[in-house]
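The structure appears right after this line, and notes come after that.
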Amino acid sequence: MSRADHMDVAAYALGVLDEHDTQRFEEHLATCWACAAELETMVPVVGLLSDIDGETMAALEQTRTDPALLDRTLVAVRAHRRRNRVRQLLATAAAVLVLGGLTGLGFARIAGDSAPEVVAEPTATALVAPPTASRSSDPNDPDIGGTLPEGDPVNVVDPTTGVEATFFVVSKDFGTGVDFILAKLPGPRTCRLVVVRQNNSTEVISSWSVPGTGYGTNARADKLSLSASTSTRLGDIRQIQVQSVDAGGVASPLVTVQL
């Protein structure tokens, strides 16, 4: 292999040949196994040259090589070194970011373990509107639903039957209005609402039937909401009672509210 061919291999490996020389060398390379083998050995040399100072190499080779070819070689080496430095800087920056993230997590964990517990200051709580009466999902049930009616609610749980009731009793021009909500009311059965007056006389002011699933039970979560009224004045009423009536017409109390 001639000296000129050797320099062409080195120059081609470094990428400093012009377009014409590059094409000429590649045509030659296709038929010359010796240059192909030489080129293979030049690939690692290119990497090593990136660590050699260009000025030093110029001082050593200036008198023994073609100056124009050497200048192009130095330009390629410098460019290759710049690319390497950029890649190294990017890799270093990425490593710093990763390390910083891991260190931050570790610091946060340590700080969380050692810092005193922070107790949040209480915030103002918005007033919650009173619950609305539940509506039955069965359109055939006498469930009036809607918002809570007038009057202050009176909650009662019968200790014997377990029936729960909320009564809203309001004085009206016509007498007394009674709205009530029932839960834990099993079925099937027939019920009625009875007003007991101060003179112990009674009046049935409403009646309804309860299906087998009941109301406000495990089988049916819906509560029963009803309304009734009486001409009796509120001051004349002693108590209001929900009663269960059997097939023979015998009534038994389910839940009672004292007025």
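Each residue takes its place number in the sequence, starting with 1. Scope of the values below: all heavy atoms of this structure, side chains included, with no hydrogens, waters or symmetry mates.
With a 6.0 Å radius and a threshold of 12 heavy atoms from other residues, nucleotides or ligands, Asn218 has its CG atom at or below the threshold. Counting heavy atoms of neighbouring residues, nucleotides and ligands inside a 6.0 Å radius, atom CD of Gln198 exceeds 12 of them.
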Inset, instruction - With side chain to side chain contact (heavy atoms under 4.5 Å, CB included) as the test, would you mind laying out the steps for Thr230 and Glu203 before giving the verdict? - result: CA-CA 8 Å; Thr230 176; Glu203 176 188 4; 2.7 Å; yes

Inset, instruction - Check step by step if side chain to side chain contact (heavy atoms under 4.5 Å, CB included) holds for Val169 and Thr176. - result: CA-CA 7 Å; Val169 183; Thr176 303; 3.5 Å; yes

Inset, instruction - Just do the side chain to side chain contact (heavy atoms under 4.5 Å, CB included) check on Ile240 and Ile205 with the steps written out, would you? - result: CA-CA 10 Å; Ile240 299 176; Ile205 61 174; 5.5 Å; no

Inset, instruction - Carefully, step by step, assess Cys191 and Leu254 under the rule side chain to side chain contact (heavy atoms under 4.5 Å, CB included). - result: CA-CA 9 Å; Cys191 295; Leu254 293 175; 3.8 Å; yes

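No donor-acceptor contact under 3.5 angstrom links the side chains of Ser252 and Gln243, judged on distance only. Side-chain contact of Arg238 with Asn200: a donor-acceptor pair under 3.5 Å is present, judged by distance alone. Arg197 and Thr232 share a donor-acceptor pair across their side chains, judged by distance under 3.5 Å alone.
Here the side chains of Val178 and Leu193 are in contact, with some heavy-atom distance below 4.5 Å. Looking at Val245 and Val250, their side chains never come closer than 4.5 Å, going by heavy atoms from C-beta outward. Annotation: side chain of Glu164 is not in contact with side chain of Val156 (no heavy-atom distance under 4.5 Å). At a threshold of 4.5 Å between non-hydrogen side-chain atoms, the residues Asp152 and Phe168 do not count as touching. Using a 4.5 Å heavy-atom cutoff, the side chains of Val242 and Val163 are not in contact.
The structure places NE2 of His28 at 13.0 Å from CG of Asp21, a figure rounded to the nearest 0.5 Å. Within the model, atoms OG1 of Thr213 and CG of Asp222 stand 8.5 Å from one another, a figure rounded to the nearest 0.5 Å.
Every residue meeting the side chain to side chain donor-acceptor pair (under 3.5 Å) condition with Thr166, not counting sequence neighbours, appears here in chain and number order: Asn155.
For Arg233 (side chain) and Lys172 (main-chain N/O), a donor-acceptor pair under 3.5 Å exists by modelled atom type. Judged by distance alone, the side chain of Ser229 and the main-chain N or O of Gly177 form no donor-acceptor pair under 3.5 Å. The main-chain N or O of Thr256 is never found under 3.5 Å from a side-chain atom of Gln241 such that the two would form a donor-acceptor pair.
Shortest non-hydrogen contact noted between Gly162 and Val157 is O-CG1, 4.3 Å. Looking at every heavy atom in both residues, Ala251 comes nearest to Arg192 through CB-NH2, 3.3 Å. Counting all heavy atoms, side chain and backbone alike, Ala165 lies closest to Val255 at CB-CG1, 3.9 Å. Between Val210 and Pro186, the shortest heavy-atom contact is CG1-O, 3.6 Å. In plain terms, the two heavy atoms of Thr161 and Asp158 that are nearest each other are N-OD1, 2.9 Å. Taking every heavy atom of both residues into account, Arg220 and Gly214 meet most closely at CD-O, 3.2 Å.
Under a hydrophobic-cluster definition in which Ile, Leu, Val, Met, Phe, Trp and Tyr are linked whenever side-chain heavy atoms come within less than 4.5 Å, directly or via other members, Val196 and Val257 are assigned to different clusters. In this structure, Phe167 is not a member of the same hydrophobic cluster as Val194, with clusters built from ILVMFWY side-chain heavy atoms closer than 4.5 Å.
Ring orientation note: the planes of Trp208 and Phe180 are tilted relative to one another, at an angle of 30° to 60°.
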